[in-house]
Amino acid sequence: MIEIREFKNADVPLLADLWCIHHATYRTQPPAVTHTIFEQAVASRLFFNPARLLVATENRHIVAWCQWFAGENHTATLAALCFHTNAVAVAAASDLLRRAEQNALAADMRQIQVGVPFDLGWGYQGLDPIGHGVGIDVADDRTNTLLEAYGYEETKRIDRWEATTADYRAPVNRDLLLMRRSSKVKREHIVIQQPRLAESMSQFEVERLSLADIHSGTVLGSIELWTSEPEAMVMPFGDAILGDWATPPATSQVAPSDIPIRYLISVVMPELAQRRIRSLHRSLTTDNTIDATTMISANFSRTSAGRVMAKRLTH
């Protein structure tokens, strides 16, 4: 008989095991997540609410679990839905999904979305295989099929772009060479001020690299680099995330240029290789063709895709 209950502290090792089992069904190898990593990422955070991590058991054995968070605009996010490979676990995942919807509705949520996109954290960003966040991987057929059966619809498609540091070759052209001679790179560590965001990002070291004109000091562009915080041990040390980037706004006379961004990436990649970081990746919505063009011109490749699913909640 399937029973659903709230989280207990002793569940952490089994939840981490089930996380790996679930994601190994559509990947060539299981995620690099241990119970210590899972606890650091999620269960020990200030925003963790044990009542919103639901566990499904069958004969007292955990076969599925999920976790949801209350967000802005009356929107809940189901950040995780993991279930074993047997038929009982699939049924348990269905029960969990319904219970999470009921609980979110009781908390005055009017919509629920499933999957971790790159603009939400809740501790899961950086956790293998979430990375920067692509929602639900399109290869995760079991989760996608379950959600579609319960009326969830795709609201956002997200692509993961990636480059490996060992064999990275920066594009070479006249503009980039000119920028090397006429600009300098400034670095600063970022301290996130918003409490909820700071807590969800505490597994990262965040650094901003800005490119400034060597004569006027005018900032030409900037990128954020997210690397694994050594004490948190959440994101694999061999990975890094290219976070937000910025260039000066366009004017009526001058169109925005991605050359500063490409130049900063070319500076960062060999440094990451020296730190034994093997890859740099970033997530973009599929319809963001402007930034995708920058990724292509910076010699990144699209390596996977995901989607965010959502459903209106009604009594």
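Heavy-atom basis, side chains included; hydrogens, waters and symmetry copies ignored.
Judged as a side chain to side chain contact (heavy atoms under 4.5 Å, CB included), and not counting sequence neighbours, the contacts of Asn49 are Ala51, Arg52.
A donor-acceptor contact shorter than 3.5 Å links the side chain of Thr75 to the backbone of Asn73. With hydrogens and angles disregarded, no donor-acceptor distance shorter than 3.5 Å links the side chain of Glu229 to the backbone of Val234. Not a single donor-acceptor pair under 3.5 Å links the side chain of Thr25 to the backbone N or O of Ile21. No donor-acceptor distance shorter than 3.5 angstrom exists from the side chain of Arg208 to the backbone of Ile223, with no hydrogens or angles considered. Side-chain N or O atoms of Arg45 include one that pairs as donor or acceptor with a backbone N or O of Gln40 at under 3.5 Å. A donor-acceptor contact shorter than 3.5 Å links the side chain of Ser283 to the backbone of Gly133.
Heavy-atom neighbours of Arg180 CZ from other residues, nucleotides or ligands within 6.0 Å: at or below the threshold of 12. No more than 12 heavy atoms of other residues, nucleotides or ligands lie within 6.0 Å of CG in Asn9, so this atom counts as exposed by the packing criterion. Atom CD of Glu153 sits in a sparse spot, with 12 or fewer heavy atoms from other residues, nucleotides or ligands closer than 6.0 Å.
Rounding to the nearest 0.5 angstrom, the gap separating the CD1 atom in Ile192 from the OG atom in Ser200 is 7.0 Å. A distance of 4.0 Å separates OG1 in Thr34 from CD1 in Ile37, rounded to the nearest 0.5 Å.
Ion pairing between a basic and an acidic side chain is recognised when a charged N comes within 4.0 Å of a carboxylate O; Glu162 and Arg160 show such pairing. Between Asp137 and Arg27 no salt bridge is recorded (no basic side-chain N to carboxylate O distance below 4.0 Å). Salt-bridge annotation for Arg187 and Glu205: absent, with no side-chain N of the basic residue lying under 4.0 Å from a carboxylate O of the acidic one.
Residue pairs meeting the ring-ring contact (aromatic ring centres under 6.0 Å, His included) criterion with at least one member in residues 157-209, sequence neighbours excluded, are Phe204-Trp226. Here ring-ring contact (aromatic ring centres under 6.0 Å, His included) pairs that include residues 73-118, with residues two or more places apart or in two chains, are His22-Phe83, Phe118-His132.
Nearest heavy-atom pair across Ile277 and Thr165 is O-OG1, 2.6 Å.
You'll find the side chain of Leu284 stays beyond 4.5 Å of the side chain of Arg302, heavy atoms only.
Taking the six-membered ring where tryptophan is involved, the planes of Phe69 and Trp122 are essentially parallel, since the angle between them stays under 30° and well short of 60°.
Side-chain contact of Thr285 with Asn288: a donor-acceptor pair under 3.5 Å is absent, judged by distance alone. Counting only N and O atoms by type, the side chains of Arg98 and Tyr150 include a donor and acceptor under 3.5 Å apart.
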